[in-house]
Amino acid sequence: MGRRKSQAPAAETPQTSITAFREAEKRYRPRTRTPTDYSDVLDLRDGAAAGVAAGAVRRAGPGAYELTDRPGLFVLPGVVAPDAQRRLAFCCYGAYHRPPAETNLTWLARRDGTAPPPRTAAPPANLRWATLGRHYNWTERTYACDHAEPMPRHVAELCDDLCGLIGVTMNAEAAIVNYYRPGDTMGGHVDDAETDRSLPLVSVSLGCSAVFLVGGATRDVAPTAVWLRSGDACVFVGEAARSYYHGVPRILPDTCPSHLREATAWPDAPGPGDGDSSDAAYAAGRPADDEALRGLCEFLRGSRLNLNVREVGD
Ligand SMILES: O=C(O)CCC(=O)C(=O)O
Ligand SMILES: [Fe+2]
């Protein structure tokens, strides 16, 4: 749903002249004939030494890098610690797609006048997104919705911490959790539903690695490709950065780190009971029994999760 491959926004230029953004998407999208060449994908792991030396990024705070050609776009590689990744991943798996959250499935059911989706312990295969805080309708790209929930405290605190590392502040009001399986993509877009785009946007990656494209204010600007791995965060700061086209043309299978996909990496603390989606329940927990834990690890092994948090500001 939303901006997935079949519903990516139409290019703004005629089909005859393929845009630079589209060209990059084609280069990285899954295909069978020729292997993908990832040599131009910026890799900021391990101190980002190559990126700094090549002038592609500049250091912008402890563990934070600003893309030289994309001022206001900060990448914080590996900034989310494994225990915080587990907690977020567990919440996305077990809580954030369940009522009162809105998802692509609840919006579809409401639109079509069909029964609400059943409440499932694990994310259903056709789940694409869920929203937290002020609910956002991805399909219509609007915040128009008659209810909102408090933002989970640990999500708001994480955003505070990440923003603090680059010297900005934000009030986390709305979040979208994107659920990807290998083969899923997100087409190039600008997040323009928030009226005040001077406010930052925080994006946290979990699970399998992705190629992230970030371009300029039009699709004609050739985008930079950056690896986003589990525990990496991006922060878009300022109106210019908030109008960069960006998207995710590729998720790589078998790249989920062992601290998420191995059952032995999870703590022994008892997990939340059914229906308990409070922050505290998920704080240091694991699924209640071994079979449920195996289900979670299996899910994470083949998924990428992205937590995209915004201050809406009106
Ligand atoms: O999955 C990502 O890294 C990007 C998601 C995104 O751009 C969005 O939710 O608006
Ligand atoms: Fe986005």
Side-chain angles (χ1 to χ4, degrees), residues 2 4 43-45 63 74-98 101 103 122-125 127-133 151-159 161-162 165 172 175-186 201-212 226-236 246-248 250-263 265-267 271-272 277 279 282-287 293-310:
R4 294 311 159 96
D43 191 341
L44 299 178
R45 247 188 328 192
F74 297 86
V75 183
L76 292 80
V79 69
V80 183
D83 57 348
Q85 290 182 44
R86 274 192 293 267
R87 171 177 169 157
L88 279 171
F90 189 17
C91 291
C92 294
Y93 176 83
Y96 291 168
H97 59 92
R98 299 171 74 165
T103 71
L127 180 74
R128 295 291 174 260
W129 53 262
T131 55
L132 308 170
M151 181 62 63
R153 200 157 32 131
H154 70 117
V155 173
E157 285 171 1
L158 176 64
C159 291
D161 291 348
L162 296 175
L165 292 172
I176 299 167
V177 183
N178 294 297
Y179 295 79
Y180 300 85
R181 321 278 168 139
D184 284 343
T185 60
M186 183 179 282
L201 181 153
V202 168
S203 166
V204 174
S205 294
L206 300 164
C208 291
S209 303
V211 176
F212 178 67
V226 188
W227 283 117
L228 289 184
R229 298 188 173 86
S230 196
D232 293 355
C234 293
V235 189
F236 292 68
H246 60 278
V248 181
R250 190 70 171 258
I251 309 293
L252 269 84
D254 303 323
T255 49
C256 179
S258 58
H259 60 254
L260 294 180
R261 75 178 141 76
E262 297 296 346
W266 285 74
S277 61
D279 273 8
Y282 281 82
R286 43 159 279 176
L293 177 59
R294 272 197 301 278
L296 169 63
C297 292
E298 197 49 41
F299 169 82
L300 293 175
R301 180 185 296 272
S303 300
R304 172 176 185 260
L305 300 166
N306 171 260
L307 198 71
N308 214 272
V309 192
R310 298 108 192 262

Judged by atom type as modelled, is there a donor-acceptor pair below 3.5 Å linking the side chain of [X] to the main-chain atoms of [Y]?
X: Arg181; Y: Gly302; value: no
X: Ser230; Y: Gly207; value: yes
X: Trp227; Y: Ala210; value: no
X: Gln85; Y: Val80; value: yes

Heavy-atom pair of closest approach, residues [X] and [Y]:
X: Thr103; Y: His97; result: CG2-O, 3.6 Å
X: Cys234; Y: Phe212; result: SG-CE2, 4.4 Å
X: Arg86; Y: Pro267; result: NE-CD, 4.1 Å
X: Ala122; Y: Tyr93; result: CB-OH, 3.4 Å

| task | For the pair Leu252 and Cys208, evaluate side-chain contact (heavy atoms from CB on, under 4.5 Å) and give the outcome as yes or no after the intermediate values. | result | CA-CA 6 Å; Leu252 269 84; Cys208 291; 5.8 Å; no

| message | Quick one, Asn306 with Met186, criterion side-chain contact (heavy atoms from CB on, under 4.5 Å). Give me CA distance, side-chain angles, the key distance, then yes/no. | response | CA-CA 11 Å; Asn306 171 260; Met186 183 179 282; over 6 Å; no

Once side-chain contact (heavy atoms from CB on, under 4.5 Å) is applied, do any residues pair with [X], and if so which ones, sequence neighbours excluded?
X: Ala81; answer: Asp83
X: Pro253; answer: Pro182
X: Ala101; answer: none

Return the [atom1] to [atom2] distance between [X] and [Y], rounded to the nearest 0.5 Å.
X: Leu300; Y: Ser258; atom1: CG; atom2: OG; answer: 12.0 Å
X: Leu307; Y: Leu158; atom1: CG; atom2: CG; answer: 7.5 Å
X: Arg310; Y: Ser203; atom1: CZ; atom2: OG; answer: 9.0 Å
X: Tyr180; Y: Leu305; atom1: OH; atom2: CG; answer: 10.0 Å
X: Glu262; Y: Cys256; atom1: CD; atom2: SG; answer: 9.0 Å
X: Asp232; Y: Leu44; atom1: CG; atom2: CG; answer: 8.0 Å

| remark: Sorted by chain and number, sequence neighbours left out, salt bridge (charged side-chain N to carboxylate O under 4.0 Å, His left out) with Arg301 holds for Glu298

| note | By salt bridge (charged side-chain N to carboxylate O under 4.0 Å, His left out), Asp43 pairs with (sequence neighbours left out) Arg45, Arg229

| field | Contacts of type ring pair (Phe, Tyr, Trp, His ring centres under 6.0 Å), residue Phe236, not counting sequence neighbours | value | His246

| request: May I ask you to test the Thr255-Arg304 pair for a side-chain heavy-atom distance under 4.5 Å? | output: no

| field | Minimum side-chain heavy-atom gap Val204-Leu162 below 4.5 Å | value | yes

| query | Residues two or more places apart in sequence or in another chain: which of them pass side-chain hydrogen bond (donor to acceptor under 3.5 Å, both in side chains) with Ser303? | reply | none

| Pairing residues for Thr131 by the side-chain hydrogen bond (donor to acceptor under 3.5 Å, both in side chains) criterion, not counting sequence neighbours | His135

| task | Could you walk me through whether Val177 and Trp129 pass side-chain contact (heavy atoms from CB on, under 4.5 Å), step by step? | result | CA-CA 5 Å; Val177 183; Trp129 53 262; over 6 Å; no

| message | Applying side-chain contact (heavy atoms from CB on, under 4.5 Å) to Trp266 and Leu296, what does each step give before you reach the verdict? | response | CA-CA 10 Å; Trp266 285 74; Leu296 169 63; 3.4 Å; yes

